[in-house]
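What follows is a set of notes on a single structure, which appears directly below.
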Amino acid sequence: MSVASSDSAVRMSRFTRTLIYLFLLLFALFYLLPLFVMVVNSLKPLSEITGGNMMALPQVWTIEPWLAAWSTAQIGVEPTGLRPYFWNSIKMVVPAVAISTILGALNGYVLTKWSFRGDKILYGLMLFACFIPFQMVLIPMARVLGVTGLAGSTPGLILVHVVYGIGFSTLYFRNYYAAFPTELVRAAQIDGAGFFRIFWRIMLPSSGPIIVVCVIWQFTNIWNDFLFGASFADFDSQPMTVALNNLVQSSTGVKEYNVHFAGAILAALPTLLVYIVAGRYFVRGLMAGSVKG
Amino acid sequence: MTATSQAPVARAQGPRPDFRTRLQEWIPKLVLSPSVALIFVFVYGFILFTLYLSFTDSRILPSYGWVGFENYDKLFRLSHWTISVTNLAIFASLYIVICTLVGLFLAIFLDQKIKGEGFIRPIYLYPMALSFIVTGTAWKWLLDPGIGLENTMHLWGWTSFQFDWIKNRDYAIYTVVLAAVWQSSGFTMAMFLAGLRGIDNEILKAAQMDGASNWQLYRRIIIPQLRPAFLSAFVILSHLAIKSYDLVIALTGGGPGRATELPATFMYSYTFTRNQMGIGASSAVIMLMTIAAIMVPYLYAELKERK
């Protein structure tokens, strides 16, 4: 993001600048190291890993570990690979992100443009809900899912993620809409536009940036969730993170590190892709003050 | 989304039926109500339920025999719990301090009109897109003395190099800090960078004309202006620390021994594998109270300020 300030107030010597570049470069290496190691070693046969150097490039390049991780690796008791779990995750994430984002947008709209007595307290309660330790809700949630027959199912997980995602999506949209000129809404009201019409015609068209921020946030959080998946899912609904953990932690047989790495990258791929494609907007959204900073 | 609101039908001016107006007044509250209901039941209702369970003799299943503070009494006598809390104290303080420092310095340095900033920034930020399970898997391997960094250094000729913290009871908790910092420090960097970009350059130039050095500029003017970013970073990092569960599971599984157990892993194992639900519930209550002690004042101040 090239900010307009063409002449920064801070000036420094060439030497200091070199040091700064070195420091930044060093940290870039630190952040890249694990990814590099994972990618390189996922392309080696197992013998090269156990006998060799993890930093070395493969002598024999192979995509065998990737195929194994995707479709034949032993996960739990079944040799299914990560494929079914990948789809479980997709089936869970897409509706959960969509629902929580829509609810968040509507909530933010109500809380900023249709304020009423007590809305602040309600918002405070929703906000606090973002930060509770989920350990506090695990036991009753397990009971409720069991009683309603949603235990171990994808709809059950969607419900869980929507419920605990609303707080954040509401936070994003509320902060964003708070800066939106209320006069426009009032003018539209005088012209006879109703609640939904104003939302659809005036609020939504200018909500692009915050929708991106909210979708990225929810997508990464829900895709990466482990606790709920581990607690409330079974084979037909277990998400990718749980399957990856089962794959890596399985104590039977030879540890196929190359397959583990391929699996880890597969599990990380969707969020990384979202990040690479839209991460710029996420940072921009953050900078626009969607997370107050 | 309602399709009807899309139709651009021009409405007639003039007095509208009364019920329409009244309906318009109710719509906002109706729209908000499902979310509020969900939050009340699934968050606050559940909190009350778990709170209640923590005073009962629940074991494998919830049971309703009232035992008063017995679970709390037992909890605080368990060395397992004491270890978890101590570990959390070490982990949280290091994690928060290191992430804040690394994030702050990276942001300040990145803000010096660095060539290729657009290239470097995503490198710092991408770990936050990963699951803690992925992070844990990667670091578990890097830190493993047999195949990871130690082995690499040996192969590169530095044979006396030793780095076996992950297998060492006294140091394993620091490997959790390392992996967690790797994952989150880019995010703190982004928050500080956002703060830095929001500072008015004119003030800085004026100060510089008055002869302020770079060091003074940062110490006296820029860093104090980042107060809100510090606060947000602290709040976000501390709640992440208290909730940390996945990373420990993937990186160390709580071991070696109990060396990296945290309250979150303690709660899970007591509730779901050791069938001590009462004690598990009481540990969750303690976690909630710790988070509330940090969050409630913060949220209160935030909401009051933005009238």
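A, B, ... follow the sequence lines: proteins, then strands. Residue 1 opens every chain.
- Around CD1 of A:Ile121, the count of heavy atoms belonging to other residues, nucleotides or ligands within 6.0 Å does not exceed 12.
- Between A:Leu227 and B:Tyr268, some side-chain heavy-atom pair lies under the 4.5 Å cut-off.
- Only the side chain of A:Thr220 comes within contact range of chain B, with heavy atoms under 4.5 Å apart.
- Considering all non-hydrogen atoms of both residues, B:Ile123 and A:Ala28 come closest at CG2-O, 3.7 Å.
- Using a 4.5 Å cut-off between heavy atoms, A:Asn221 makes no contact with chain B at all.
- Rounding to the nearest 0.5 Å places OH of B:Tyr300 at 11.0 Å from NZ of A:Lys120.
- Taking the six-membered ring where tryptophan is involved, the planes of A:Tyr31 and B:Tyr124 are tilted, since the angle between them lies from 30° to 60°.
- In plain terms, the two heavy atoms of A:Gly124 and B:Leu299 that are nearest each other are O-CD1, 4.4 Å.
- Looking at B:Phe40, the atoms closer than 4.5 Å to chain A (heavy atoms on both sides) all sit in the side chain, from C-beta outward.
- Residues A:Ile49 and B:Ile147 come closest through the heavy atom pair O-CG2, 4.4 Å.
- Separation of atoms CG (A:Leu24) and CZ (B:Phe109) is listed at 7.5 Å; rounding is to 0.5 Å.
- Considering only heavy-atom pairs separated by less than 4.5 Å from chain B, the leading option among A:Val37, A:Leu103, A:Val162, A:Leu35 is A:Leu35.
- Two residues are said to be in side-chain contact when any heavy atoms from C-beta on lie closer than 4.5 Å; B:Phe42 and A:Tyr164 meet this criterion.
- For B:Pro263, no part lies near chain A; criterion is any non-hydrogen pair under 4.5 Å.
- For a residue to count as touching a neighbouring chain, one of its non-hydrogen atoms must lie under 4.5 Å from one of that chain's; by this rule A:Leu111 touches chain B with the side chain only.
- Chain A forms the most heavy-atom pairs under 4.5 Å with one residue out of B:Pro62, B:Pro127, B:Ser58, and that residue is B:Pro62.
- Between chain B and the residues A:Trp114, A:Tyr109, A:Phe23, the most heavy-atom pairs under 4.5 angstrom are made by A:Phe23.
- Looking only at side-chain heavy atoms (C-beta outward), A:Tyr257 and B:Trp141 come within less than 4.5 Å of each other.
- Of the listed residues (A:Met141, A:Met55, A:Lys113, A:Met240), the one with the most heavy-atom contacts under 4.5 Å to chain B is A:Met141.
- Along residues 132-139 of chain A, the residues that come nearer than 4.5 angstrom to chain B, judged on non-hydrogen atoms, are A:Ile132, A:Pro133, A:Phe134, A:Gln135, A:Met136, A:Val137, A:Leu138, A:Ile139 in order of number.
- A:Phe131 CZ to B:Ser238 OG: the interatomic distance, rounded to the nearest 0.5 Å, is 9.0 Å.
- In this structure, no portion of B:Phe192 lies under 4.5 Å from any heavy atom of chain A.
- For a residue to count as touching a neighbouring chain, one of its non-hydrogen atoms must lie under 4.5 Å from one of that chain's; by this rule B:Met287 touches chain A with backbone and side chain alike.
- Although no hydrogens or angles enter the test, the distance criterion places no donor-acceptor pair under 3.5 Å between the side chain of B:Ser131 and the main chain of A:Thr241.
- The contact between A:Leu159 and chain B is made entirely by side chain atoms (from C-beta outward), counting heavy-atom distances below 4.5 Å.
- The side-chain contact (heavy atoms from CB on, under 4.5 Å) test with B:Ile133 singles out one residue from A:Asn245, A:Asp225, A:Val248, and that residue is A:Asn245.
- Proximity to chain A (any heavy atom under 4.5 Å) is shown, for B:Ser35, by both the backbone and the side chain.
- In this structure, the portion of A:Phe116 lying under 4.5 Å from any heavy atom of chain B is its side chain and not its backbone.
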### Query
Taking it one step at a time, do A:Phe27 and B:Ile120 satisfy side chain to side chain contact (heavy atoms under 4.5 Å, CB included)?
CA-CA 10 Å; A:Phe27 266 89; B:Ile120 295 176; over 6 Å; no
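- Only the side chain of B:Asn151 comes within less than 4.5 Å of a heavy atom of chain A; its backbone N, CA, C and O stay farther away.
- Residue A:Thr170 does not touch chain B at all, counting heavy-atom pairs closer than 4.5 Å.
- A heavy-atom distance below 4.5 Å is found between the side chains of A:Phe128 and B:Tyr44.
- The heavy-atom pair separating A:Gln249 from B:Ile249 by the smallest distance is NE2-O, 3.3 Å.
- Of the atoms belonging to A:Leu122, it is side-chain heavy atoms, and not backbone ones, that fall under 4.5 Å from chain B.
- When heavy atoms are compared at a cutoff of 4.5 Å, B:Ala207 does not approach chain A at all.
- Note: A:Asn41 leads A:Ile265, A:Leu269, A:Asn41, A:Ile216 in heavy-atom pairs under 4.5 Å with chain B.
- The distance from atom NE2 of B:His154 to atom CG of A:Asn53, rounded to the nearest 0.5 Å, is 12.0 Å.
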### Task
Begin with the C-alpha distance, continue with both residues' side-chain angles, and end with the deciding distance and a verdict on side chain to side chain contact (heavy atoms under 4.5 Å, CB included) for B:Trp182 and A:Phe30.
CA-CA 8 Å; B:Trp182 180 80; A:Phe30 168 63; 3.7 Å; yes
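- Interface remark: of the candidates A:Leu125, A:Asp119, A:Leu272, A:Leu125 forms the most heavy-atom pairs closer than 4.5 Å to chain B.
- Residue contact with chain A, scored on non-hydrogen atoms closer than 4.5 Å, involves the backbone and the side chain of B:Leu149 alike.
- Nearest heavy atoms, B:Val31 versus A:Asn107: O-OD1, 4.2 Å.
- For a residue to count as touching a neighbouring chain, one of its non-hydrogen atoms must lie under 4.5 Å from one of that chain's; by this rule B:Thr135 does not touch chain A.
- Neither the backbone nor the side chain of A:Val274 comes within contact range of chain B; no heavy atom of the residue lies under 4.5 Å from a heavy atom of that chain.
- Interface residue B:Val102: only side-chain heavy atoms are found under 4.5 Å from chain A.
- Inter-residue side-chain proximity for B:Leu125 and A:Tyr275 is flagged as met; some heavy-atom pair is nearer than 4.5 Å.
- Between chain A and the options B:Ile39, B:Leu155, B:Val43, B:Leu288, the largest number of non-hydrogen pairs under 4.5 Å is found for B:Leu288.
- With a 4.5 Å cut-off on non-hydrogen atoms, A:Val163 touches chain B through its backbone and its side chain both.
- The side-chain heavy atoms of A:Phe196 and B:Ile27, taken from C-beta on, include a pair separated by under 4.5 Å.
- Using a 4.5 Å cut-off between heavy atoms, A:Phe261 contacts chain B through its side chain alone, with no backbone atom that close.
- Aromatic ring pairs are classed by plane angle as parallel below 30°, tilted from 30° to 60° and perpendicular above 60°; the pair B:Phe187 and A:Trp217 is tilted.
- Proximity of A:Asn224 to B:Leu130: side-chain heavy atoms (C-beta onward) are nowhere separated by under 4.5 Å.
- Counting only heavy atoms from C-beta outward, the side chains of A:Arg17 and B:Ile114 approach each other to under 4.5 Å.
- Contacts between A:Tyr21 and chain B at a heavy-atom distance below 4.5 Å involve the side chain alone, from C-beta outward.
- Only the side chain of B:Lys140 has a heavy atom closer than 4.5 Å to any heavy atom of chain A.
- Closest approach of A:Ala267 to B:Val134, counting heavy atoms only: CB-CG2, 4.1 Å.
- Both the backbone and the side chain of B:Tyr126 come within contact range of chain A, each with at least one heavy atom under 4.5 Å from a heavy atom of that chain.
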